[in-house]
> 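The structure's right below; bear with me while I get my questions together.
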There are 2 protein chains.
Amino acid sequence: MLISEFARATDLPVDTIRFYISKGLLKPERSAKGGSNPYQTFRREDVTAARMIRLQQTLGYSLGEILALNEEYRAGEQSCERTIAVLQKQIARLEERKAALDAALSFLHGKVNWIKAGKRDDAPRLEDYQC
Amino acid sequence: MLISEFARATDLPVDTIRFYISKGLLKPERSAKGGSNPYQTFRREDVTAARMIRLQQTLGYSLGEILALNEEYRAGEQSCERTIAVLQKQIARLEERKAALDAALSFLHGKVNWIKAGKRDDAPRLEDYQC
DNA sequence: TATAAGTATGGAGTGTAGTCTATAGTCAAG
DNA sequence: CTTGACTATAGACTACACTCCATACTTATA
């Protein structure tokens with residue numbers, strides 16, 4: 001797969017793909033198709049990696065953290081324990097964010113209910129809510 | 001409340017507070033205590049506002065979006081319908097993020113379970129998972 | 001074989017969200 | 001009334017995540 005197809009497959013701009021490569025987040029092959037092909041070749045696992053990056057990003061990880069996590073994951077590929085440890089670490093982080101999200105949601109729902117009940121001024125205040 | 005107390009109350013650096021003021025996210029009073037006090041005075045509602053900013057930020061809003069949302073909220077303060085509309089909009093966004101988060105969590109949990117079962121290579125792949 | 005479209009590289013530029021520095025004015029304690 | 005802590009303002013600087021540009025090479029098409 002050439003970079004333009006890869007861009008279509010991942011819905012990422014070509015420049016962003018090259019940027020990720022420069023950061024070590026993507027590692028396409030510089031394959032020799034027939035002998036001397038100077039172009040990068042992307043595989044299905046690169047598409048997976050790109051999706052994983054997008055996912056981790058929406059979950060609040062920086063590119064630096066994503067790189068570290070993924071290298072840790074790769075480093076521990078021989079050992080199930082290490083792989084599981086990396087996954088558990090991500091799970092813990094996501095559970096944390098989910099808890100914050102749920103707290104915010106219940107605050108907002110509560111506020112809506114009070115306003116609907118016509119008791120706007122008695123509605124829960126952010127002051128009384130520990131984030 | 002002076003800015004240093006406010007910084008302690010909100011756990012924000014003084015520079016960040018001033019930055020938020022410059023963006024219109026915080027609007028402390030330039031009160032005349034006794035006649036000519038050139039310092040800004042922060043109230044309890046400013047602490048609330050600062051917490052709300054932090055909350056919205058962890059939920060993925062940019063400062064620009066936060067400003068727009070909060071101004072929309074203020075603009076609709078007379079009308080319960082408009083206030084509720086703003087709150088519902090935030091709720092919708094948070095529910096969306098929560099769904100993405102849950103999908104990611106079940107993917108990760110699934111992966112852990114497959115690895116624990118010793119069937120690592122048969123574990124679910126991100127390819128088969130729509131984010 | 002000319003031409004257009006695609007690819008690679010390096011480096012400059014952009015927007016966001018701060019963070020720091022320099023300068024100057026203010027206030028409270030000794 | 002000086003010293004030290006605090007405050008205000010403007011502007012420079014930083015980190016991050018892109019995004020764009022100039023240049024040059026490669027490949028497919030007419």
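In what follows, every chain begins at residue 1, and chains take the letters A, B, ... in the order their sequences are listed.
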> In residues 15-28 of chain B, which ones come under 4.0 Å of DNA chain C, going by heavy atoms?
B:Asp15, B:Thr16, B:Phe19, B:Tyr20

> With a 4.5 Å limit on heavy-atom distance, are the side chains of B:Asp102 and A:Leu94 in contact?
no

> Figure out the CZ/P separation between B:Phe42 and D:dC6, and round it to whole Å.
15 Å

> In residues 59-66 of chain A, which residues come under 4.0 Å of DNA chain D by heavy atom?
A:Ser62, A:Leu63

> Nearest whole Å is fine: how far is C:dT7 P from A:Phe6 CZ?
13 Å

> Answer yes or no: is there a side-chain heavy-atom contact under 4.5 Å between A:Gln90 and A:Leu69?
yes

> For residues B:Leu63 and B:Ile53, determine if any side-chain heavy atom of one lies less than 4.5 Å from a side-chain heavy atom of the other.
yes

> Are any non-hydrogen side-chain atoms of A:Tyr20 and A:Arg18 less than 4.5 angstrom apart?
no

> Would you check if A:Thr41 and A:Asp46 make a side-chain contact, meaning some heavy-atom pair closer than 4.5 Å?
no

> Without decimals, in angstroms, what is the distance between A:Gln40 CD and D:dC25 P?
18 Å

> How would you label the contact of A:Arg54 with the nucleic acid (heavy atoms, under 4.0 Å): base, sugar-phosphate, or nothing?
sugar-phosphate

> Expressed in angstrom and rounded to an integer, what is the separation of A:Ile3 atom CD1 from D:dT19 atom C1'?
14 Å

> Please name all residues satisfying side chain to side chain donor-acceptor pair (under 3.5 Å) with A:Gln57, sequence neighbours left out, ordered by chain then number.
A:Arg54

> Figure out the CG/P separation between A:Asp11 and D:dC18, and round it to whole Å.
13 Å

> Looking at B:Gly60, is its backbone amide N or carbonyl O close enough to the side chain of B:Arg97 to form a donor-acceptor pair, meaning the two atoms are under 3.5 Å apart?
no

> Measure OH/A:Tyr39 against P/C:dG6 and give the value in whole Å, please.
11 Å

> Going by heavy atoms in the side chains, are A:Leu105 and B:Lys98 under 4.5 Å from each other?
yes

> Without decimals, in angstroms, what is the distance between A:Ile53 CD1 and D:dA17 P?
11 Å

> Find the distance A:Glu5:CD to D:dT27:C1' and express it as a whole number of Å.
14 Å

> Are A:Leu12 and A:Ile21 linked, directly or through other ILVMFWY residues, by side chains that come within less than 4.5 angstrom of each other?
yes

